[in-house]
Amino acid sequence: MDLEKLLTDRLAPAFATVAGGPVDPLVRRSARTDFQSDAALALARRLGRPPRVIAADVLDRADLADVCSVAEVSGPGFLNLTVADDALAGLVSALAADARLGVPVVAEPETVVVDYSAPNVAKEMHVGHLRSTVIGDAAARLLQWLGHRVLRANHVGDWGTPFGMLIEHLVDLGEAEAAQELPMGDLDSFYKAARVKFDADEAFRERSRRRVVALQGGDAATRRLWRMLVQQSARHFLTVYELLDVTLTERDFHGESSYNDLLTPVVEDLDRLGLLRSSNGAACVFPPGQAGRDGEPLPLIVRKSDGGYGYAATDLAAIRHRTGTLGATRLLYLVGLPQRRHFEMVYAVAAQAGWLPAPARAEHVGFGSILGSDGRMLRSRAGGSVKLVGLLEEAIARATLLARERNAELGQVEAAEVGRAVGIGAVKYADLSSDRHRDYVLDWERMLSLDGNTAPYLQYAYSRIRSIFRRAGVAARPEAVIRLTEPAERALAFELVGFGAVVVSVADSLEFHHLAGHLYRLAAAFSAFYERCPVLRADGPVRDSRLLLCDVTARVLRQGLYLLGIRTPDRM
RNA sequence: GCGCCCGUAGCUCAGCGGAUAGAGCAGGGGACUUCUAAUCCCAAGGCCGCAGGUUCGAAUCCUGCCGGGCGCACCA
């Protein structure tokens with residue numbers, strides 16, 4: 001039980017009596033005291049009474065004695081609520097005894113498909129895949145922890161016309177040679193070499209075209225070569241996921257090709273439903289309210305004029321499969337904001353076709369771009385895309401160097417482990433700690449700073465707690481009595497108790513910066529507590545109480561960072 | 001032209017109907033014989049892009065501008 005809810009429950013009946021109907025007490029944190037209720041102000045006009053009188057009336061009727069040490073009318077009609085120390089301590093004790101740290105398992109679990117990462121076969125993963133992968137993984141972790149059935153879906157780009165040229169290039173190289181080159185991780189040069197030949201060589205182009213037809217026709221030899229490309233790429237993706245601490249596995253790979261057999265039925269059924277129209281030779285659906293550059297209705301092209309299927313068809317087939325066969329009721333798409341319109345149209349068509357029956361719904365969880373220090377889309381010096389592995393390796397190298405500089409006690413092996421946890425954590429946290437709709441600037445200095453809203457700062461707070469327990473040589477006693485006498489102890493307790501509500505709200509909004517912000521405030525509250533409230537040097541009951549506060553803080557930080565996909569090293 | 005996202009402290013960002021707009025960084029001042037000073041504390045810093053409107057109350061909601069980014073039929 002969090003305090004907002006507890007206070008709301010206590011105030012609501014009193015407000016209902018005074019107002020003659022249900023009223024949300026509008027409880028929130030206050031700068032002046034612990035909490036405030038703003039509802040009396042809004043009621044004044046309706047009831048024709050001064051807000052201060054209403055507030056006083058509510059106060060008379062509300063049962064707050066065991067929760068608040070002070071409850072008073074303030075200013076124009078606010079209710080200022082100061083939480084009693086023992087009530088707050090009681091909530092912390094409940095948290096200490098709760099393996100789930102105040103986060104309940106959902107009463108009605110849903111089947112949720114989280115569609116994220118989606119790299120392309122025969123291309124190396126680049127920064128463009130980072131946000132989808134990081135945010136998507138956080139979504140999967142969080143929803144799963146809440147008790148939902150989460151199906152991770154890696155919609156790998158493993159189909160389409162480029163595979164003609166890629167397979168022909170593979171043939172030119174010779175399988176043995178290619179088998180050696182591909183796993184080396186240099187997928188990009190393979191792709192580029194194929195591209196160069198395709199652009200320069202008419203004969204190669206023609207072979208590529210025939211190869212596409214063979215692939216789509218199911219030619220066994222072609223399929224075998226294609227599968228080789230897919231498998232080698234999958235190996236690369238899995239290496240990156242492991243480096244990134246991302247929970248995607250090979251079982252989660254559901255490439256575009258896996259929907260091939262469903263594409264024809266999609267078009268046929270749209271036609272049967274009367275939604276399909278032919279336009280310039282293409283089979284289209286025109287969802288209402290969408291206009292193109294010329295002001296004319298904008299089509300969703302489900303089958304191209306050459307008879308081939310575009311990604312709209314695949315996306316529709318995937319929706320159908322996910323709601324129909326998999327029984328999912330929530331579909332999340334972790335794809336950049338530029339594709340917003342596409343998904344609006346796809347969801348509209350799916351809904352029209354009856355493939356998103358209530359309560360099923362699809363959400364485009366969009367995000368902005370990663371920018372370089374020049375404020376433009378992050379590019380390599382050569383102007384190409386920045387390889388993800390290179391970026392992650394740089395993060396690890398920088399963090400390892402910092403770890404060595406800052407803590408001479410760390411051995412070679414441990415410094416490497418810390419460098420990895422901190423470097424990867426810093427990259428992921430930078431992505432998750434600001435509003436996902438915004439673009440953000442990749443800045444190593446800021447990401448790896450030990451001050452401010454960064455992964456290293458949170459990890460450091462955690463490692464300081466571990467350090468206390470190492471020195472103490474004992475564990476916290478869960479049954480110890482929590483005593484909150486210092487302001488820093490109270491401030492810490494409030495942040496601990498607020499964890500559950502934040503997690504629940506983020507499960508809905510998928511605004512992970514709210515969770516990150518909460519963990520940052522918790523870490524900051526702990527750091528202040530650490531400065532002012534000695535733990536090991538305190539006497540008996542105070543020491544026990546503080547050890548327990550430390551323990552609960554560590555558990556919340558660890559769990560919260562786990563949900564963001566970030567590790568918590570014991571030492572830094 | 002239409003649509004979407006974004007304009008808040010020098011910089012990076014929170015806040016999105018409630019009382020004096022909050023953090024961090026940078027710059028200024030302090031705190032290590034003490035559980036990691038990779039930290040903490042103090043002071044300073046704001047026509048909340050502009051103009052109207054709604055409201056008892058607007059950074060927050062509505063409308064119109066201005067500025068930046070992105071998208072607008074067979075690539076995904």
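Here is the naming used below: chain letters follow the sequence lines, and residue numbers restart at 1 for every chain. Note that the structure is a prediction, hence the values are computed from the model and not measured.
Side-chain contact check for A:Leu79 versus A:Ser74: every heavy-atom pair is 4.5 Å or farther apart. Side-chain atoms of A:Met572 and A:Tyr462, non-hydrogen and from C-beta on, never get closer than 4.5 Å to each other.
Separation of the P atoms belonging to B:rC11 and B:rC50 is 15 Å when rounded to the nearest angstrom. As rounded to the nearest Å, B:rG1 and B:rG45 have C1' atoms that lie 43 Å from one another. Between B:rG53 and B:rU60, the two P atoms lie 14 Å apart (nearest whole Å). Nucleotides B:rC2 and B:rC13 place their C1' atoms 31 Å apart, quoted to the nearest Å. Here the separation of B:rA43 from B:rG30, taken at their C1' atoms, is 10 Å to the nearest Å. Atom name C1', nucleotides B:rG71 and B:rG24: the rounded distance is 34 Å, in whole Å. Annotation: B:rG22 and B:rU8 have their C1' atoms spaced 10 Å apart (nearest Å). Distance noted for atom C1' between B:rA26 and B:rA9: 12 Å (whole Å).
For the pair A:Leu316 CG and B:rA76 P, the interatomic distance rounds to 13 Å; values are reported in whole Å. Distance CG (A:Asp294) to C1' (B:rG71): 15 Å, rounded to an integer number of Å. The interatomic distance linking A:Tyr191 (OH) with B:rA76 (P) rounds to 11 Å, in whole Å. One can place CD of A:Gln339 at 13 Å from C1' of B:rC72, the figure rounded to the nearest angstrom. In this structure, A:Asn260 places its CG atom 12 Å from P of B:rA76, rounding to the nearest Å. In this structure, the CH2 atom of A:Trp444 is 19 Å from the P atom of B:rU12, given to the nearest Å. In this entry the distance linking CE of A:Met345 with C1' of B:rC4 reads 14 Å, nearest Å. To the nearest angstrom, C1' of B:rC25 lies 15 Å from CE of A:Met447.
When all heavy atoms of A:Tyr259 and A:Ala318 are compared, the pair lying nearest together is CE2-CA, 3.5 Å. In terms of heavy atoms, A:Pro51 sits closest to A:Ala44 at CD-CB, 3.6 Å.
Using a 4.0 Å heavy-atom distance criterion, A:Glu344 is classed as making no nucleic acid contact. Nucleic acid contact class of A:Ile301 (heavy atoms, under 4.0 Å, all strands): base. Using a 4.0 Å heavy-atom cutoff across all strands shown, A:Ala44 reaches no nucleic acid atom at all. Using a 4.0 Å heavy-atom criterion, one finds that A:Gly310 contacts the sugar-phosphate atoms exclusively.
A salt bridge links A:Arg322 with A:Asp115: the closest approach of a Lys/Arg side-chain nitrogen to an acidic carboxylate oxygen falls below 4.0 angstrom.
Residue order along RNA chain B, read from the 5' end via each residue's closest nucleotide, puts A:Leu337 first among A:Leu337 and A:Ser305.
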Kindly give the atom pairs (protein nitrogen or oxygen, nucleotide nitrogen or oxygen) under 3.5 Å for nucleotides 13-22 of chain B.
from: B:rA14; atom 1: OP1; to: A:Asp435; atom 2: N; distance (Å): 2.6
from: B:rA14; atom 1: OP2; to: A:Arg438; atom 2: NH1; distance (Å): 3.1
from: B:rG15; atom 1: OP1; to: A:His513; atom 2: NE2; distance (Å): 3.2
from: B:rG15; atom 1: OP1; to: A:His514; atom 2: NE2; distance (Å): 2.7
from: B:rG18; atom 1: O6; to: A:Ala42; atom 2: N; distance (Å): 3.3
from: B:rA19; atom 1: O2'; to: A:Arg32; atom 2: NH2; distance (Å): 2.5
from: B:rA19; atom 1: N7; to: A:Gln36; atom 2: OE1; distance (Å): 3.3
from: B:rA19; atom 1: N7; to: A:Gln36; atom 2: NE2; distance (Å): 3.3
from: B:rA19; atom 1: N6; to: A:Gln36; atom 2: OE1; distance (Å): 3.1
from: B:rA19; atom 1: N6; to: A:Asn80; atom 2: OD1; distance (Å): 2.5
from: B:rA19; atom 1: N1; to: A:Ser74; atom 2: OG; distance (Å): 2.8
from: B:rU20; atom 1: O4; to: A:Arg32; atom 2: NH2; distance (Å): 3.4

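Shown here, B:rC65 is classed anti by the O4'-C1'-N9-C4 or O4'-C1'-N1-C2 angle, which is more than 90° from 0.
Rounding to the nearest 0.5 Å places CG of A:Asp439 at 9.5 Å from OG of A:Ser434.
A donor-acceptor contact under 3.5 Å is not formed by the side chain of A:Thr314 with the base of B:rA76.
The main-chain N or O of A:Pro534 is found under 3.5 Å from a side-chain atom of A:Arg546 such that the two form a donor-acceptor pair.
No more than 12 heavy atoms of other residues, nucleotides or ligands shown are found within 6.0 angstrom of CZ on A:Arg558. Shown here is A:Arg49, whose CZ atom has more than 12 heavy atoms of other residues, nucleotides or ligands within 6.0 Å.
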Footprint string (nucleotides 32-45 of chain B, 5' to 3'): B base within contact, S backbone only, - free, heavy atoms under 4.0 Å: --BBBSBBSS----

- prompt: Please walk me through it: do A:Arg32 and A:Glu72 pass salt bridge (Lys or Arg N to Asp or Glu O under 4.0 Å)?
  reply: CA-CA 12 Å; A:Arg32 305 178 168 232; A:Glu72 59 192 4; over 6 Å; no

query: Are A:Phe529 and A:Phe526 close enough, and set up right, to give a ring pair (Phe, Tyr, Trp, His ring centres under 6.0 Å), and what steps lead you there?
result: CA-CA 5 Å; A:Phe529 161 86; A:Phe526 174 78; 5.8 Å; yes

- line: The dot-bracket string of RNA chain B, counting Watson-Crick and G-U wobble pairs with both distances under 3.5 Å, using [ ] for crossing pairs and | for pairs to another strand, is (((((((..((((....[...))))..((((.......))))......(((((..]....))))))))))))....

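The aromatic rings of A:Trp159 and A:Trp226 sit perpendicular to each other, their planes meeting at more than 60°, with 30° as the lower class boundary.
Checked by atom type, the side-chain pair A:Glu268/A:Thr264 shows no donor-acceptor distance below 3.5 Å.
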